[in-house]
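Mind looking over this structure? Questions follow.
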Amino acid sequence: MTDPPVQPPPVDPPDDGDAAAAHDPTGLDLARTVAAQLRVNAGRNPARAARRARRFNDPAQFSGAHPDERDPERLGSAVDRLVSDSGWSTDVSVHTVLGRWAQIVGPDVALHCTPMSYADGVVEVTADSTAWATQLTLLAATVVARLNAELGHGTVVRIQVSGPGGPTWRKGRRSVRDGRGPRDTYG
């Protein structure tokens, strides 16, 4: 009741002149056929061909013997170029010097007076107390001279010193809107 196995038809032995029709039992003929088909199909992918053409045929993609904008560069030189192209060189140099505030004014003054900003030749400094604000106001000409010695003449015109802010008397829901408060105590 079972069907007998189907036998393939017998293959005639090849003639000496018909070498292409011969079967290679090692599978080399199949490998050669697959490789030939892959070579033919490789040229049919237009996207791949376009990428190769762009990558290998465009002379603008390659850097020459001399440095240009496409070459890698160090981060420091890239930042320096950005600062100079943007016109930030004065601001960066002023803030670099203000980062060394303790060396310029001394450790005692730097402990109680902090530079806050720089704009249009004016350095704004905030002091811990009115006594230190007065002290820095008296030293302002010397500090301006030291800053200009480091930054260049005329970079810093003056130092604006502000003391500590007084307490606010506008707290709570029932505060008086324009009440007097202790006006002569702070400031």
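Quantities reported herein were computed from a predicted structural model and do not represent experimental measurements.
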**Message:** Just so I know, are the side chains of L136 and V109 near enough to count as touching, which here means a heavy-atom distance under 4.5 Å?
**Reply:**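 The answer is yes; the side chains approach within 4.5 Å.
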**Prompt:** M116 versus T114: any side-chain heavy-atom pair under 4.5 Å?
**Reply:**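 A side-chain contact under 4.5 Å exists here.
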**Asked** If you group Ile, Leu, Val, Met, Phe, Trp and Tyr by side-chain heavy-atom gaps below 4.5 Å, do V92 and L75 land in one group?
**Response**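 Hydrophobic grouping puts V92 with L75.
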**Message:** Can you confirm whether R81 sits close enough to E73 that some side-chain heavy atom of one is under 4.5 Å from a side-chain heavy atom of the other?
**Reply:**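 SC-SC contact between R81 and E73 confirmed.
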**Message:** Measuring only between side-chain heavy atoms, which start at C-beta, is Y118 closer than 4.5 Å to L147?
**Reply:**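 When only atoms from C-beta onward are counted, L147 and Y118 do not touch, as no gap falls below 4.5 Å.
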**Request:** May I ask whether V144 and V122 are part of the same hydrophobic cluster, defined by side-chain heavy atoms of I, L, V, M, F, W, Y residues being less than 4.5 angstrom apart, directly or through others?
**Result:**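 No: no chain of side-chain contacts under 4.5 Å links V144 to V122.
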**Asked** Is there side-chain contact between V161 and C113, with heavy atoms separated by less than 4.5 Å?
**Response**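 Sidechains of C113 and V161: no contact.
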**Message:** Using the rule given for side-chain contact (heavy atoms from CB on, under 4.5 Å), can you reason through R100 versus E150, listing the C-alpha separation, both sets of side-chain angles and the distance that settles it, and then say yes or no?
**Reply:** CA-CA 11 Å; R100 298 184 296 120; E150 298 230 5; 2.3 Å; yes
**Asked** Of V156, L151, I104, which meets side-chain contact (heavy atoms from CB on, under 4.5 Å) against R146?
**Response**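 Result for side-chain contact (heavy atoms from CB on, under 4.5 Å) with R146: I104.
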**Asked** Can V97 be reached from L139 by stepping across I, L, V, M, F, W or Y side chains whose heavy atoms are under 4.5 Å apart?
**Response**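 Yes, L139 connects to V97 through the hydrophobic network.
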**Asked** Of all heavy-atom pairs between A110 and A102, which one has the smallest distance, and what is that distance?
**Response**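 Taking every non-hydrogen atom into account, CB-CA, 3.5 Å.
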**Prompt:** Quick one: does W101's side chain have a donor or acceptor within less than 3.5 Å of a partner on P107's backbone?
**Reply:**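 It does not hold such a pair.
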**Asked** Between the side chain of S77 and the main-chain N/O of R74, is any donor-acceptor distance below 3.5 Å?
**Response**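 Indeed, once roles are kept as given, a pair shorter than 3.5 Å links the two residues.
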**Message:** Quick check: do T126 and W132 have side-chain heavy atoms less than 4.5 Å from each other?
**Reply:**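 A side-chain contact is absent here, since even the closest heavy-atom pair is not under 4.5 Å.
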**Item:** Which atom of P164 lies closest to which atom of S129, heavy atoms considered
**Value:**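 Taking P164 first and S129 second, the nearest heavy atoms are CD-C, 3.6 Å.
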